[in-house]
Amino acid sequence: MEDTFHIRTLPGYRLIGLKWEGPYTEVNELKHTIQNMYNRSTELKDLIDSQKQLGLSYHTRPDGFVHYSGFQVDENTKIPIGMMDIHIPELTYLITHHQAGHDVGKTYMKIYHWLKDCAYIPYMEPNIEYYDDLPIKHEVYPIHRDLIQPHFDIMIPITRQID
């Protein structure tokens, strides 16, 4: 199946979830944070879409990254103990779908190459140092997914390239 890429501007939103931060050598621990967030999702009131769990990765460490696993919630939702909220601004995204059974590294490599040949570049928050060619990665997972061979949407925040 051919890879398809879409560009779409999406409104800002609020996410409540759990934070994981660590080096790539400990990335296997991240799946526990994601599963724990899924298990605790019933603690969240006013979910915008209970069928979609989000994973937001920010490559602000030279040896790894910061990841937030959570759900989009209403502005008035109370933050459960041990969780945190994040406000995501309106952003323009490059969106594609990662298919189950495919290599996620290859999917991200296709995104990287696609961006090299277009008028967009990855968005970076001002005054923050990033350590990855795709510095911010947002993933949207259906809650009923195969955890070994998942399928999910990848959304890379982008901005127009300035000549």
Side-chain angles (χ1 to χ4, degrees), residues 1-21 30 33-34 37-38 40-61 65-80 83-100 102 104-145 147 150-163:
M1 183 173 156
E2 185 68 28
D3 293 305
T4 56
F5 298 98
H6 304 281
I7 295 174
R8 185 181 299 149
T9 299
L10 298 175
Y13 63 92
R14 180 177 182 221
L15 176 126
I16 291 181
L18 298 173
K19 177 181 177 182
W20 177 89
E21 179 174 355
L30 175 57
T33 301
I34 294 168
M37 184 63 236
Y38 171 76
R40 292 188 63 192
S41 65
T42 57
E43 296 175 40
L44 297 173
K45 306 300 178 217
D46 303 314
L47 289 177
I48 302 298
D49 187 345
S50 64
Q51 299 302 304
K52 292 181 181 173
Q53 186 171 355
L54 288 93
L56 314 179
S57 296
Y58 297 84
H59 295 267
T60 55
R61 294 175 54 127
F65 60 100
V66 177
H67 182 90
Y68 301 94
S69 178
F71 289 83
Q72 187 177 348
V73 295
D74 180 88
E75 281 302 317
N76 299 316
T77 302
K78 293 197 183 329
I79 304 169
M83 292 190 197
M84 60 189 322
D85 72 333
I86 302 164
H87 292 267
I88 305 300
E90 175 181 288
L91 291 168
T92 300
Y93 295 92
L94 170 64
I95 302 172
T96 192
H97 185 75
H98 172 72
Q99 297 177 23
H102 289 202
V104 71
K106 288 182 181 176
T107 300
Y108 274 110
M109 189 57 66
K110 289 176 185 177
I111 292 168
Y112 172 76
H113 287 296
W114 190 90
L115 280 171
K116 285 287 186 202
D117 296 327
C118 74
Y120 292 92
I121 56 173
Y123 169 79
M124 289 186 258
E125 296 168 295
N127 305 314
I128 295 180
E129 189 169 0
Y130 292 96
Y131 298 93
D132 192 275
D133 290 328
L134 298 173
I136 302 171
K137 301 173 177 88
H138 292 182
E139 298 174 344
V140 181
Y141 305 95
I143 60 161
H144 301 294
R145 63 187 180 273
L147 297 176
H151 65 92
F152 53 94
D153 290 331
I154 297 173
M155 303 185 348
I156 305 295
I158 56 174
T159 188
R160 279 220 172 262
Q161 193 162 243
I162 300 170
D163 293 327

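No hydrogens, no waters, no symmetry mates; every other heavy atom, side chains included, goes into these values.
Contacts of Thr96 classified as side-chain hydrogen bond (donor to acceptor under 3.5 Å, both in side chains), with partners at least two apart in sequence or in another chain: none.
Taking the side chain as every heavy atom from C-beta outward, Ile111 and Phe5 approach each other to under 4.5 Å. Between Arg61 and Glu21, the closest side-chain pair of non-hydrogen atoms falls below 4.5 Å. Proximity of Leu10 to Met155: side-chain heavy atoms (C-beta onward) are separated by under 4.5 Å at one or more points. When side chains are defined from C-beta on, Ile156 does not count as touching Tyr120, because their heavy atoms never get closer than 4.5 Å.
Between Phe71 and Ser50, the shortest heavy-atom contact is CE2-O, 4.0 Å. Contact record, Asp132 with Lys137: OD1-NZ, 3.0 Å, taken as the closest heavy-atom pair. Nearest heavy-atom pair, Gln53 versus Ile34, reported as atom, atom and distance to 0.1 Å: NE2-O, 3.0 Å.
The distance from atom CG of Leu56 to atom CD of Glu139, rounded to the nearest 0.5 Å, is 9.0 Å. Atom-to-atom distance recorded for Asp74:CG and Ile16:CD1 is 9.5 Å, nearest 0.5 angstrom. Here the straight-line distance linking atom CD1 of Ile158 with atom CG of Leu115 works out to 6.5 Å at 0.5 Å rounding. In this structure, Ile154 CD1 and Tyr108 OH are separated by 4.0 Å, a value rounded to the nearest 0.5 Å. For the atom pair CD of Glu125 and CG of Leu91, the computed distance is 8.5 Å after rounding to the nearest 0.5 Å. One finds the NZ atom of Lys116 at 6.0 Å from the CG atom of Asp133 (value rounded to the nearest 0.5 Å).
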request  = May I have the step-by-step check of side chain to side chain contact (heavy atoms under 4.5 Å, CB included) for Leu15 and Tyr68, ending in yes or no?
outcome  = CA-CA 9 Å; Leu15 176 126; Tyr68 301 94; 4.3 Å; yes
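Looking only at atom types and distance, the side chain of Thr9 has no donor-acceptor partner in the side chain of Glu90 under 3.5 Å away. A donor-acceptor contact under 3.5 angstrom links the side chains of His138 and Tyr58, judged on distance only.
Ring centroid separation for the pair His59 and Tyr130 does not come in under the 6.0 Å cut-off.
Aromatic ring orientation, His151 versus His97: tilted (interplanar angle from 30° to 60°).
Of the possible polar contacts, one joining the Arg14 side chain to the Thr77 backbone as a donor-acceptor pair under 3.5 Å is found.
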